Amino acid sequence: MTDTHLIKPILDYDYPTVASGQGIYLYDTDGKTYIDGCSGAVTASIGHGVPEIVEAMKAQAEKVSFAYRAQFASEPAEELARRLSEWSEGRWNWSFFVNSGSEATETAMKIAIQHWQEKGRDRKNRFISRWMSYHGITMGALSMSGNILRRKRFIPLLEDYPSVSAPYCYRCPLKEAHPGCGMKCAQELETSILRIGPEHIAGFIAEPIIGASGGAVTPPEGYYQEIKRICDKYDILFIADEVMTGLGRTGKKFGIEHWEVTPDIVALGKGMSAGYTPMAATLVSDKVMEPILKGSKSIMAGHTYSANPQSAAVCLAVLDYMEKHDLVRAAEVNGEYLLGKLQEMAKRLDIVGDVRGKGMLLGLEFVPDVRTKGIFPLSLGVTARVIKRAFDKGLLVYPASGGIDGAAGDAIIVSPPLIITREQIDSLVSILEKSIFEVQEELRAEGHLNKAAV
């Protein structure tokens with residue numbers, strides 16, 4: 001291990017040092033080139049080194065970078081809130097700016113609770129979430145996350161919020177098959193509400209497309225329509241965690257738009273600043289804000305850097321760039337092309353069981369036998385092997401293992417910057433196929449797969 005004082009994800013691992021980035025590429029200090037096939041952590045949505053963003057940073061820094069939100073408003077923050085209201089077509093007219101997706105989902109929790117408090121319904125202070133989900137690493141956000149591997153160290157400190165099965169049609173946790181299942185995974189929400197008592201429940205939170213806990217698991221048509229119907233029936237706020245899916249990633253401005261449903265609260269992050277600055281937001285509907293505006297007129301949340309003008313100016317520049325280059329549409333069209341290429345690739349490989357997702361948020365699940373949909377033992381580290389092989393060949397992809405009960409299963413996310421071209425997509429898929437094939441044959445040689453078909 002090199003001499004370091006930095007706490008890294010794996011303490012004794014020697015990470016290469018990034019030197020620069022341009023477009024979909026990153027370069028390390030040894031001169032190696034990497035295709036950023038996952039936008040870092042599904043974040044760098046407009047690519048690296050965009051001059052317009054650098055100029056916006058400089059221009060705002062020459063004015064003022066920081067002003068405390070309890071003392072000043074700022075033009076960039078006001079304008080960003082207005083623009084997000086426009087992007088949502090008035091569905092969420094209020095923005096609370098924070099620094100990360102975890103803070104955004106936790107702020108959504110607090111606003112939901114306060115909404116009911118201001119209406120005189122203090123008992124509505126619990127949440128329901130799904131297993132096979134991830135909403136952040138702070139204690140409140142982790143309490144809502146159905147990711148067993150990330151929860152287990154902190155169980156004594158967490159609430160037991162996850163209680164509903166995910167809409168995981170590839171391996172339905174309820175042993176059903178769509179469309180004959182009657183959408184039982186959605187009906188579980190009503191069962192859970194009745195067991196707890198709707199008078200105790202403030203909200204239900206879900207990722208429109210499940211990210212890190214499942215690898216772009218996408219529900220069938222009708223699922224969110226039923227979820228919203230149940231929430232409305234029992235007077236429960238629906239919170240969409242769009243930290244990964246929001247602002248163009250899935251080929252829509254917001255991922256939930258694929259199902260034509262309007263949540264009460266939305267959490268944003270990642271693509272909001274496209275990785276150029278720490279920034280996230282909780283978007284709130286007029287309905288949720290109304291009792292607060294009539295009551296205390298203050299939301300009990302916030303952080304030192306909330307709504308700082310420097311980050312707000314960067315996010316505005318990102319939105320400008322996305323609109324100028326029509327990147328939401330690009331994510332839809334080129335996402336369909338990428339999906340098709342990955343599906344073709346899967347036919348040539350023995351261990352890719354499922355390819356799924358929307359736009360530029362796609363996932364691949366690895367299995368030892370595509371017919372039985374079995375799973376690899378976690379001890380084999382199949383996801384890590386694929387990621388390492390791809391990394392060595394100059395391609396970055398994102399881990400998404402743990403989809404089965406949050407503790408088993410192997411998957412990756414492929415989510416390149418929305419600016420990627422079709423020629424670059426072809427290069428990405430070529431490297432990925434070679435990487436998966438090498439892992440596949442390694443597993444076969446170790447006796448974990450059947451012999452190659454003749």
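Note that the numbering runs from 1 along the sequence shown for the chain. Source: prediction; values computed, not measured.
Distance check: Met272 CE to Leu84 CG gives 5.5 Å after rounding to the nearest 0.5 Å. Distance OH/Tyr134 to OG/Ser129: 13.0 Å, rounded to 0.5 Å. Within the model, atoms CG of Leu364 and CZ of Arg356 stand 8.5 Å from one another, a figure rounded to the nearest 0.5 Å. Residue Ile236 holds its CD1 atom at 8.5 Å from CH2 of Trp116, rounded to the nearest 0.5 Å. In this structure, CG on Asp36 lies 12.5 Å from CD on Gln22, to the nearest 0.5 angstrom.
Not one N or O on the side chain of Arg130 forms a donor-acceptor pair closer than 3.5 Å with the backbone of Gly146. Lys124 places a side-chain N or O within donor-acceptor distance of the main-chain N or O of Ile201, the cut-off being under 3.5 Å. Side chain of Thr43 to backbone of Ala41: a donor-acceptor contact under 3.5 angstrom is found. With hydrogens and angles disregarded, a donor-acceptor distance shorter than 3.5 Å links the side chain of Asp410 to the backbone of Thr383. Proximity of a side-chain donor or acceptor of Ser430 to a complementary backbone N or O of Ser427 within less than 3.5 Å is not detected. At least one donor-acceptor pair closer than 3.5 Å links the side chain of Gln310 to the backbone N or O of Met57. Looking only at distances, no side-chain donor or acceptor of Thr33 sits under 3.5 Å from a matching main-chain atom of Tyr27.
Between Leu293 and Asp286, the closest side-chain pair of non-hydrogen atoms is not below 4.5 Å. Between Leu342 and Val429, the closest side-chain pair of non-hydrogen atoms falls below 4.5 Å. Between Tyr398 and Val414 the shortest side-chain heavy-atom distance does not fall below 4.5 Å. Contact annotation: the side chain of Tyr276 approaches that of Val50 to within less than 4.5 Å [non-hydrogen atoms, C-beta and beyond]. Taking the side chain as every heavy atom from C-beta outward, Asp426 and Tyr337 approach each other to under 4.5 Å. Counting heavy atoms from C-beta on, the side chains of Gln117 and Asn125 never come closer than 4.5 Å. Residues Lys270 and Ser45 fail the side-chain proximity criterion, which asks for heavy atoms closer than 4.5 Å. Contact of the Pro309 side chain with the Gln60 side chain is registered, since non-hydrogen atoms from C-beta on lie closer than 4.5 Å.
If you check the side chains of Ser39 and Arg249, you find a donor sitting under 3.5 Å from an acceptor. Side-chain N/O atoms of Ser296 and Glu118 include a donor and acceptor closer than 3.5 Å. Looking only at atom types and distance, the side chain of Asp28 has a donor-acceptor partner in the side chain of Tyr34 under 3.5 Å away. Donor-acceptor pairing under 3.5 Å is lacking for the side chains of Glu226 and Trp259. Ser143 and Glu159 share no side-chain donor-acceptor pair at under 3.5 Å. Side chains of His303 and Asn99: no donor on one and acceptor on the other come within 3.5 Å. A donor and an acceptor atom, one from each side chain of Asn93 and Ser85, are located under 3.5 Å apart. Defined by atom type and a distance below 3.5 Å, a donor-acceptor pair is present between the side-chain atoms of His258 and Thr250.
Other residues, nucleotides and ligands contribute only 12 or fewer heavy atoms inside 6.0 Å of the CZ atom of Phe437. Other residues, nucleotides and ligands contribute more than 12 heavy atoms inside 6.0 Å of the CE atom of Met139. More than 12 heavy-atom neighbours from other residues, nucleotides or ligands sit within 6.0 angstrom of CD on Gln225. Around atom CD of Glu78, no more than 12 heavy atoms belonging to other residues, nucleotides or ligands sit under 6.0 Å away. For Trp87, the CH2 atom counts as densely surrounded, since its 6.0 Å shell holds more than 12 non-hydrogen atoms of other residues, nucleotides or ligands. A 6.0 Å sphere centred on CZ of Arg153 holds no more than 12 heavy atoms belonging to other residues, nucleotides or ligands. Shown here is Phe72, whose CZ atom has no more than 12 heavy atoms of other residues, nucleotides or ligands within 6.0 Å. For NZ of Lys32, the number of neighbouring non-hydrogen atoms (other residues, nucleotides, ligands) closer than 6.0 Å is greater than 12.
Of all heavy-atom pairs spanning Pro208 and Pro219, the tightest one is O-CD, 3.4 Å. Shortest non-hydrogen contact noted between Ala346 and Val355 is CB-CG2, 3.8 Å. Val98 approaches Glu103 most closely through the heavy-atom pair CB-OE1, 3.5 Å. Scanning both residues, Val367 and Gly353, for their nearest heavy atoms gives CG2-CA, 3.7 Å. In terms of heavy-atom proximity, Ala390 sits nearest to Ile431 at O-CG2, 4.5 Å. Counting all heavy atoms, side chain and backbone alike, Leu80 lies closest to Cys315 at CD2-CB, 3.7 Å.
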side-chain hydrogen bond (donor to acceptor under 3.5 Å, both in side chains) evaluation trace for Thr282 with Glu106: CA-CA 9 Å; Thr282 306; Glu106 191 140 333; over 6 Å; no

Check the pair Ile46 / Met322 against side-chain contact (heavy atoms from CB on, under 4.5 Å), numbers first and verdict last. CA-CA 7 Å; Ile46 66 171; Met322 291 192 67; 3.8 Å; yes

From CA spacing to verdict: salt bridge (Lys or Arg N to Asp or Glu O under 4.0 Å), Arg82, Glu79: CA-CA 5 Å; Arg82 186 189 69 79; Glu79 176 63 11; 2.5 Å; yes

Between Tyr13 and Lys8, is the side-chain contact (heavy atoms from CB on, under 4.5 Å) condition met? List the steps. CA-CA 8 Å; Tyr13 184 76; Lys8 300 172 184 176; over 6 Å; no

How far apart are the C-alpha atoms of Glu257 and Arg91, what are their side-chain angles, what is the distance that settles it, and do they pass the side-chain contact (heavy atoms from CB on, under 4.5 Å) test? CA-CA 11 Å; Glu257 290 179 347; Arg91 287 169 291 179; 2.6 Å; yes

Between Asn147 and Ser213, does the side-chain hydrogen bond (donor to acceptor under 3.5 Å, both in side chains) criterion hold? Intermediate values first, please. CA-CA 6 Å; Asn147 187 305; Ser213 288; 2.8 Å; yes

Arg385 vs Glu442, salt bridge (Lys or Arg N to Asp or Glu O under 4.0 Å): CA-CA, chis, key distance, verdict: CA-CA 10 Å; Arg385 294 194 202 192; Glu442 182 178 77; 2.8 Å; yes

What's the verdict on side-chain contact (heavy atoms from CB on, under 4.5 Å) for Phe366 and Val352, showing C-alpha distance, side-chain angles and the deciding distance? CA-CA 5 Å; Phe366 304 116; Val352 179; 4.0 Å; yes

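Using the six-membered ring where Trp is involved, Tyr170 and Tyr168 have ring planes that are tilted, between 30° and 60° apart. Taking the six-membered ring where the residue is Trp, Tyr224 and Phe238 present parallel rings, their angle staying beneath 30° rather than reaching 60°.
Looking at Met345, Glu441, Arg389 one by one, the single match for side chain to side chain contact (heavy atoms under 4.5 Å, CB included) with Ile436 turns out to be Met345.
Note that Arg126 lies outside the cation-pi zone of Tyr161, set by a 6.0 Å cut-off to the ring centre and a 45° limit from the axis.
Between Phe66 and Tyr305, the distance from one ring center to the other falls under 6.0 angstrom.
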